[in-house]
Amino acid sequence: MLWLFFSLFVPHHLAIGLLTGVTPGYLGYDLVHYYLHHGRPFAEHLREMKSYHLDHHYKDANLGYGITTKIWDRIFGTVLS
């Protein structure tokens with residue numbers, strides 16, 4: 001289904017390339033997102049990101065979109081304080 005979407009906009013060989021990059025990227029994102037909600041992070045960075053991400057859900061859903069890093073929140077001005 002996703003391949004059909006990509007193939008509407010780009011040539012077949014580029015659609016395959018996009019699909020092989022987007023699919024594992026999204027799966028990785030989703031696994032980290034699930035882990036931050038339900039896991040017990042062992043690394044300091046992941047513990048900090050779990051706290052940050054839960055603040056996004058329970059304090060201000062309009063800020064703090066970063067799941068694994070705050071880089072994009074800093075760029076777009078959406079860092080939770």
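Everything quoted here is computed from the prediction, not taken from an experiment.
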Please examine the side chains of Thr68 and Met49, heavy atoms only from C-beta on, and report whether any two atoms are closer than 4.5 Å. no
Taking the side chain as everything from C-beta on, heavy atoms only, tell me whether Asp55 gets closer than 4.5 Å to Asp60. no
Shortest non-hydrogen contact from Leu46 to Leu36? O-CD2, 3.6 Å
CD1/Ile71 to OG1/Thr69 distance, rounded to the nearest 0.5 angstrom?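 If we round to the nearest 0.5 Å, Ile71:CD1 and Thr69:OG1 are 3.5 Å apart.
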Between the NE2 atom in His56 and the CD1 atom in Ile67, the distance rounded to the nearest 0.5 Å is 6.5 Å
Any salt bridge (Lys or Arg N to Asp or Glu O under 4.0 Å) pairs touching residues 20-47, not counting sequence neighbours? Glu44-Arg47
Name every donor-acceptor pair, under 3.5 Å, that has one atom in a side chain of residues 20-27 and the other anywhere in the protein, sequence neighbours excluded.
| from | atom 1 | to | atom 2 | distance (Å) |
| --- | --- | --- | --- | --- |
| Thr20 | OG1 | Ile16 | O | 3.2 |
| Thr20 | OG1 | Gly17 | O | 2.9 |
| Thr23 | OG1 | Leu19 | O | 2.9 |

Tell me every residue that passes ring pair (Phe, Tyr, Trp, His ring centres under 6.0 Å) with Phe9, counting only those two or more places apart in sequence or in another chain.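 Phe9 satisfies ring pair (Phe, Tyr, Trp, His ring centres under 6.0 Å) with Phe5 only.
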Partner residues of His12 under the ring pair (Phe, Tyr, Trp, His ring centres under 6.0 Å) criterion, sequence neighbours left out: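 Residues passing ring pair (Phe, Tyr, Trp, His ring centres under 6.0 Å) with His12: Trp3.
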Return all side-chain donor-acceptor pairs below 3.5 angstrom for residues 74-81, not counting sequence neighbours, or 'none' if the list is empty.
| from | atom 1 | to | atom 2 | distance (Å) |
| --- | --- | --- | --- | --- |
| Thr78 | OG1 | Asp73 | OD1 | 2.6 |

Got a sec, which residues hit salt bridge (charged side-chain N to carboxylate O under 4.0 Å, His left out) with Lys50, two or more places apart in sequence or on another chain?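 Partners of Lys50 by the salt bridge (charged side-chain N to carboxylate O under 4.0 Å, His left out) criterion come out as none, since no residue qualifies.
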Would you say Leu54 and Tyr52 are hydrophobically clustered, going by side-chain heavy atoms of ILVMFWY under 4.5 Å?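 Cluster IDs for Leu54 and Tyr52 differ.
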Without swapping roles, check the side chain of His53 against the backbone of His33 for a donor-acceptor pair under 3.5 Å.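 No: the side chain of His53 does not pair with the backbone of His33.
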